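Letters go in sequence order (proteins before strands), and every chain restarts at 1. Keep in mind that this is a model prediction, so the values were computed, not measured.
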2 protein chains.
Amino acid sequence: MNADRTSAGDPARTLELLWRRGMDESPRRGPRPRLTIERVVRTAIEIADGEGLDAVTMRRLAAALGVAPMTLYCYVPSRTELIDLMLDEVYLRMPRTEIRGEDWRSGLKRIADENRALYRSHPWAAEVATSRPPLGPGQMAKYEHELLALDGIGLDDVTMDSALGLVVGFVRANAREAVEAESARRDSGVSDREWWDANAPLLAERVTPSSYPIATRVGSAAGEAYDAAVSPDAAYEFGIQRILDGIQPLVDGRARS
Amino acid sequence: MNADRTSAGDPARTLELLWRRGMDESPRRGPRPRLTIERVVRTAIEIADGEGLDAVTMRRLAAALGVAPMTLYCYVPSRTELIDLMLDEVYLRMPRTEIRGEDWRSGLKRIADENRALYRSHPWAAEVATSRPPLGPGQMAKYEHELLALDGIGLDDVTMDSALGLVVGFVRANAREAVEAESARRDSGVSDREWWDANAPLLAERVTPSSYPIATRVGSAAGEAYDAAVSPDAAYEFGIQRILDGIQPLVDGRARS
DNA sequence: AGGTATAGTGTACTACGTACGGTGAAGTGG
DNA sequence: CCACTTCACCGTACGTAGTACACTATACCT
């Protein structure tokens with residue numbers, strides 16, 4: 001997986017970049033910068049949106065900006081930090097509609113849909129590892145906004161965080177599946193159906209209803225229901241409803257264990 | 001992300017490798033092979049277990065086996081297919097205890113725990129993209145075994161597949177978080193606590209209770225409850241209980257939408 | 001006008017997967 | 001017993017990454 005890691009550089013520098021401080025446009029010595037961090041990040045996002053995160057190489061991005069690859073390092077400490085900046089930027093751009101009088105279930109479903117919309121516009125965002133999230137204004141605004149949907153419904157603070165994490169984690173994992181499916185398509189040049197049609201007859205020689213009775217029965221039923229082996233869209237609707245149903249008892253105060 | 005993709009080579013060859021056909025030990029021309037696929041795959045798994053999937057490079061694996069890098073291509077068409085073989089192999093090794101008279105909830109929880117145990121032993125397995133899963137004996141046996149826990153409790157076939165997918169998908173996503181956290185630790189040489197201690201004071205300058213009231217309140221509560229910003233262990237227990245609670249209405253036949 | 005901080009860049013290093021073509025050993029047919 | 005065939009093995013090399021380092025050129029300050 002070329003899962004891209006989170007930054008390892010100087011925290012102070014990274015946070016300054018994220019919060020756009022030190023960006024005081026005082027008349028400084030030396031030549032005028034030809035680019036801005038904003039433009040670098042924006043262009044990187046455009047490339048990632050169109051061609052995936054792997055396409056955002058320093059050389060490719062530099063070419064898109066009309067500069068030499070090494071020039072980017074004047075604006076960004078490393079590719080890893082660039083990705084953090086990209087992620088916080090798309091978080092920041094998310095529309096945050098506040099709805100008064102919304103019940104918790106609608107609110108949480110809306111949060112899930114908002115995240116889903118994010119990953120539809122920016123599939124690469126689902127690929128980024130977030131065990132150490134970008135501590136920028138986008139991340140913070142997103143967290144604050146999402147917690148609002150869970151505030152005041154009787155959950156304690158830790159449970160609020162857990163419930164939100166479960167929901168957004170699910171949406172992200174679901175989006176990752178979709179990205180991986182798309183990557184497989186792109187890398188191999190073979191569509192899901194072609195892949196399955198090539199494998200199915202060969203697989204049928206080894207996997208028979210007598211040796212795998214339930215798997216063959218359920219697998220073929222599921223394969224017919226969706227078009228391919230796995231369908232992120234169907235999995236999303238199913239999963240989010242189950243998760244909301246699972247949070248219900250917490251709100252009602254009659255959850256298990 | 002170095003999310004590793006699924007194979008793109010010849011399906012017939014890949015399936016033969018997975019099911020270990022064409023392995024007829026007829027006395028063939030030419031020098032005796034010094035290795036076996038089994039040994040290659042086993043060694044690769046050992047490296048991945050100890051040092052992560054990224055450490056499984058063709059050169060590293062070849063060195064561990066005492067051969068030249070290119071020699072591996074006599075046994076495996078590409079690194080991608082090797083990873084498929086590794087994955088199917090660890091699937092195949094999973095213990096499959098069948099318990100009679102188990103209620104569905106215990107059964108599904110057991111399935112989740114079995115998957116969790118897999119990812120504890122082989123964290124790298126969570127990293128592998130499975131939108132086109134390895135169609136080998138391990139994958140099939142695992143699927144068959146897991147479906148058994150959901151069979152005969154009144155769910156239709158498609159719903160059985162969806163419910164199972166939700167559970168194992170959750171466990172895998174949770175394991176991925178853990179892998180990513182570990183990678184971040186390893187790559188940066190900075191522990192979670194050190195990372196947080198370095199960032200917290202700088203973040204506090206930008207994130208105040210007045211600007212982000214709920215986020216600061218809930219974030220600090222959650223941060224105190226677990227040790228770090230994110231705790232996969234706590235998230236697992238919380239998440240799996242919510243998901244089981246969410247499947248309950250399906251079994252009872254009173255689910256939403 | 002001269003000094004200096006800084007934007008921009010060319011070159012090069014490491015590490016990766018793997019294509020290609022050569023080499024030598026094991027078995028077969030005469 | 002010998003030549004021929006087949007195949008395991010591998011040395012070299014290519015293309016693609018990120019980025020360290022040293023150098024050049026520019027624009028401001030004194």
Kindly give the atom pairs (protein nitrogen or oxygen, nucleotide nitrogen or oxygen) under 3.5 Å for nucleotides 24-26 of chain C.
residue, atom, partner, partner atom, Å
C:dA26, O4', B:G30, O, 3.4

task = Please report, rounded to the nearest Å, how far the P atom of D:dT16 is from the CE atom of B:M58.
result = 20 Å
request  = Take the protein atom CG of A:L35 and the nucleotide atom P of C:dT6, then report the distance between them rounded to whole Å.
outcome  = 18 Å
ask   = Hey, are B:S188 and A:R132 close enough side-chain-wise for a donor-acceptor pair under 3.5 Å?
value = yes
Taking only nitrogen or oxygen atoms into account, show me every contact under 3.5 Å that the protein makes with nucleotides 10-12 of chain D, one pair per line with its distance.
residue, atom, partner, partner atom, Å
D:dC10, OP1, B:R34, NH2, 3.0
D:dC10, OP2, B:A68, N, 3.0
D:dC10, OP2, B:T71, OG1, 2.6

ask   = In whole angstroms, how far is the P atom of D:dT16 from the CG atom of A:L53?
value = 19 Å
note = From CZ of A:R79 across to P of D:dT16 the rounded distance in Å is 16 Å
request  = Please answer whether the main-chain N or O of B:H145 pairs with a side-chain N or O of B:R96 as donor and acceptor at a distance below 3.5 Å.
outcome  = no
key: d(CG, B:L72; P, D:dC7) in whole Å   = 20 Å
ask   = Within the distance-only criterion (no hydrogens, no angle test), does the side chain of B:R172 pair as donor or acceptor with the backbone N or O of B:V128 below 3.5 angstrom?
value = yes
ask   = Taking atom P of D:dG18 as reference, at what distance in whole Å does atom CG of B:D54 sit?
value = 15 Å
ask   = For A:P232, does its backbone N or O pair with a side-chain atom of A:E177 as donor and acceptor, under 3.5 Å?
value = no
task = Map B:Y75 and A:T57 onto DNA chain D by nearest heavy atom, then report which one ends up closer to the 5' terminus.
result = B:Y75
key: Under 3.5 Å: donor-acceptor pair, side chain of B:T36, backbone of B:R39   = yes
query = Could you state the CZ-C1' distance from A:R59 to C:dC13, rounded to the nearest angstrom?
reply = 11 Å
ask   = How many Å lie between CG on B:L82 and C1' on C:dC16, as a whole number?
value = 15 Å
remark   = Of the candidates C:dA7, C:dA12, C:dT18, the side chain of B:Y73 sits closest to C:dT18
inquiry  = Does any part of the side chain of B:L72, heavy atoms only, come nearer than 4.5 Å to the side chain of B:L82, both counted from C-beta?
reply    = no
message = Can a donor-acceptor pair be found, under 3.5 Å and without considering hydrogens, that links the side chain of B:R116 to the backbone of B:A175?
response = no
inquiry  = Can you list everything that forms a side-chain contact (heavy atoms from CB on, under 4.5 Å) with B:E46? Sequence neighbours excluded, please.
reply    = B:R42
ask   = So, the side chain of A:N115 versus the backbone of A:V171: is there a donor-acceptor pair under 3.5 Å, distance only?
value = no
